[in-house]
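The structure under discussion appears below in the form of C-alpha cells.
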Amino acid sequence: MASISICLYTSPTSRSLLHRSPSHGLPSSIRLRRNLHLPRLRNPGAPAANPTVRASVEFPARVRPGATVETDRLPSELRDRVMEAVDSFGGRVTIGDVAGRAGVKVAEAERSLQALAADTEGFLEVSDEGDVLYVFPRDYRSKLAAKSFRMKIEPLLEKAKGAIEYLIRVSFGTALIVSIVLVYTTIIALVSSRSDEDNRGRRGGRSYDSGFNFFFRPTDLFWYWDPYFYRRPRMRDDDGMNFIESVFSFVFGDGDPNQGIEEERWKLIGQYIASNGGVVTADELAPYLDVSSAEETTDDESYILPVLLRFDGHPEVDDEGNILYRFPSLQRTASTQRVGRKEYVGKRWANWVGGVQKFFEEKKWPFSKARSSEKAMVIGLGALNFCGVIILSSMLRNVAMTPRGFVSFVIDIFPFLQIYAASFFAIPLFRWFLLRKTNADIEKRNRAREQRARALEMPDQSLKRKLLSARDMAQRTVIGSDRIVYSTEQDYSDQDYEAKEWERRFRELER
C-alpha cells in the first residue's frame, strides 16, 4: 500500500492550517506527514516567505508500479465490481464511494483502488482536509487489459467452463438413453439365446438364426450433444432447455437461483447508507438483512454488526437517547450526485431515490425448470430403465450359459447401471424434501424483511423521530477540484501552488 509524504515549508501564518487540518480522513495505508521548518526571519516586518511544498509517493515492494500487474492478485469478481463503481463515478472516487457503490469492504476497496492506480497510470489527489481521492484516465480499462494476461484469458476460460458444464449436463441425460439401450439389448440377447437353445434341443441340435442382430453405434447418440440442439422445436421447452438437459435438471436441479445475490444485498445496503449521508438507523437496514419478524422483534440490533464491520461504522447516541449508526468512510465523496434528504421518511421512503427496491428478496429454489411434459417423459424413461435393471438382474442370476462378448461387457458394468438407476429417483426424492425446508426458511426471511419495510412506510411517532434524527445528523461532504492541495499526476516541481492562494486559504481558516 502506498504512503504519501508531504513536507510543507511555510510561513508562521500557516501553522493554524496544519493544526486544523488533521489527517484523520486518510486511510490507514496512506499517511500524510507534515513537517514544519520555520525559518528565522531576519526582519520581522518583512513579507513572509513563499511556501514551498515537497511531496513523494512511496510504494512498498509488493505494490510497485510497473513491476507486476497488481490487479491480477485481486479476485476477478472484486476487481470487476470495483471497476464498475469507478466507471459509475466518472473515474474520480474516494474509497467510500467505491465501498458504498460496489458493496465491498472498505479495506478491499482501498486495496483494489491502489492496485488499479498502480496498473493504469492512475493518480492520487489529497484534499485540504487530508482526504485521498483516486483518479483514473478514461482509457484505464484498455490499459489494464493490455497489461493483464489474466484478463485476456478470462473470456476463454469462461467459454471453456460453460462448455464443460454443458457437457456434464448432457452426459447425464445421454447416460439414461445409453443405460436403456444396454439393459434392454442385453435382455433381448439373453431371451434370444435361450430360444436358440430350446430350438436346438427340439430339432436335434440344429441351430437356426433367431433373426436378432445387435448393431449399436455410439455415434448415433452424439446428435443429442449438439450445443444448438435447443433450437430444434420438437425438443425445446419454454425455457430453452432440451430434453437431454431436462434429465439433469430433474435429478440435480438447476443450481442456486440466488447465486450472486449476496453481492447485490451489500450493494443495496452500501448505496442506501451513502445516499442518506452516512447516518442510518438499524430499522432502515432491517429490510435488507436477516431479521426476525415484526411479531418477534425486540430491542436487539445485533443484526447490524456485519454492516458495521464491512463499512467501518460505529454507533452514536442522539439527544433523545436513540442509537444511530454513522459510517464516516461513506460520508466523503467525489461525486456531486443528489443524495437523500430528510423528507424521505414515511410513505415516500417506498419511492426512495434511485429506485432501490423496498426490501431484499431471496428467490425460492425450483425443483426443476423443465416443463411438465419433459419431466413426465424423464420420469417415464427413468422408470423404464429402473424396471429393466430389475428384470436384467433377475435374468443374470439364472443365466446358465457362459456370457461372452456384449453380454459379458454389460455384466462387468452392471453395478454402475444399478447405481445409476437407483440414484435416478433417490436423488430427486432427497432434493424434494430438502427444498421444502429451504423454501420455507426463505419465505420466512422474506416475510420478515417485508414487514420491516412496511413499518418504515408508515412509521409510528417514535420511529419517525428516530429517522428524522438520523437525517439531521447526516453529513455528506463533496470533495471538488477546488479543495485539492496535492496531486501525484505531475511531478511536484511542476505543480503551481502560488503563495497568494495559500495565504488566502490560511486567512480564511484563521477567521
Side-chain angles (χ1 to χ4, degrees), residues 161-162 164-184 221 224-225 229-230 234-265 290-293 296 359-394 413-451:
K161 180 182 177 182
I164 292 173
E165 291 176 350
Y166 180 81
L167 287 177
I168 292 174
R169 294 180 69 88
V170 299
S171 296
F172 193 85
T174 303
L176 175 61
I177 306 299
V178 172
S179 178
I180 292 174
V181 171
L182 292 177
V183 167
Y184 282 94
L221 293 176
Y224 285 109
W225 288 25
F229 180 65
Y230 65 88
R234 59 181 177 179
M235 301 289 281
R236 181 181 178 183
D237 63 15
D238 295 336
D239 295 325
M241 182 185 300
N242 62 51
F243 168 73
I244 297 300
E245 289 179 310
S246 66
V247 175
F248 187 93
S249 175
F250 171 78
V251 178
F252 296 104
D254 304 285
D256 187 0
N258 296 309
Q259 185 175 5
I261 201 169
E262 279 300 311
E263 288 77 10
E264 294 301 321
R265 181 210 296 261
D290 295 337
V291 294
S292 57
S293 62
E296 303 171 359
F359 64 96
F360 176 74
E361 185 175 8
E362 298 177 69
K363 299 178 182 178
K364 293 184 179 180
W365 286 65
F367 179 79
S368 173
K369 292 183 179 180
R371 63 182 182 181
S372 300
S373 59
E374 296 295 337
K375 285 188 284 190
M377 185 179 297
V378 169
I379 293 173
L381 290 178
L384 181 66
N385 181 59
F386 186 77
C387 293
V389 168
I390 293 176
I391 295 171
L392 181 58
S393 177
S394 176
I413 67 170
F414 191 65
F416 297 100
L417 297 179
Q418 289 176 311
I419 294 173
Y420 181 87
S423 62
F424 196 88
F425 291 104
I427 294 175
L429 183 63
F430 173 77
R431 283 200 314 112
W432 184 76
F433 283 106
L434 182 63
L435 290 182
R436 288 189 62 185
K437 182 180 184 308
T438 301
N439 288 334
D441 293 340
I442 290 176
E443 184 177 0
K444 182 178 179 181
R445 291 194 296 269
N446 286 340
R447 185 166 56 249
R449 286 190 286 260
E450 185 178 7
Q451 289 174 350

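Summarising the local packing, CZ of Phe386 is surrounded by 12 or fewer heavy atoms from other residues, nucleotides or ligands at distances under 6.0 Å.
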Would you sort out whether Lys437 and Asp441 count as a salt bridge (Lys or Arg N to Asp or Glu O under 4.0 Å), showing the intermediate values? CA-CA 6 Å; Lys437 182 180 184 308; Asp441 293 340; 3.1 Å; yes
Between Ser171 and Phe248, is a side-chain contact (heavy atoms from CB on, under 4.5 Å) present by the stated rule, with each step listed? CA-CA 9 Å; Ser171 296; Phe248 187 93; over 6 Å; no
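The aromatic ring centres of Phe172 and Tyr420 sit less than 6.0 Å apart.
Proximity of Arg265 to Asn258: side-chain heavy atoms (C-beta onward) are nowhere separated by under 4.5 Å. Between Asp256 and Trp365 there is a side-chain heavy-atom pair separated by less than 4.5 Å. Two residues are said to be in side-chain contact when any heavy atoms from C-beta on lie closer than 4.5 Å; Arg169 and Glu165 fail this criterion. A heavy-atom distance below 4.5 Å is not found between the side chains of Phe416 and Ser179. Using a 4.5 Å heavy-atom threshold, the side chains of Phe424 and Asn385 count as separate.
Each of Lys364, Arg436, Lys363 was evaluated against Glu443; a single residue qualifies, Lys364, per the salt bridge (charged side-chain N to carboxylate O under 4.0 Å, His left out) test. With Val247 as the partner, the side chain to side chain contact (heavy atoms under 4.5 Å, CB included) test is satisfied by one option alone out of Ile177, Val170, Leu176: Leu176.
At a threshold of 4.0 Å, the pair Arg449-Glu361 does not count as salt-bridged, since none of the basic side-chain nitrogens sits closer than that to a carboxylate oxygen. Remark: Arg447 does not engage Glu450 in a salt bridge, criterion side-chain N to carboxylate O under 4.0 Å.
Rounded to the nearest 0.5 angstrom, Asn439 CG and Leu434 CG are separated by 9.0 Å. Between atom CZ of residue Phe243 and atom CG of residue Leu381 there is a gap of 4.5 Å, rounded to the nearest 0.5 Å. Separation of atoms OG (Ser368) and CG (Leu435) is listed at 10.5 Å; rounding is to 0.5 Å.
For Arg431 and Phe252, the positive end is not near the middle of the six-membered ring at less than 6.0 Å and at most 45° from its axis.
The backbone N or O of Glu245 lies less than 3.5 Å from no partner atom in the side chain of Ser249, so there is not a single donor-acceptor pair. In terms of modelled atom types and a separation under 3.5 Å, the side chain of Asn446 and the main chain of Glu362 share a donor-acceptor contact.
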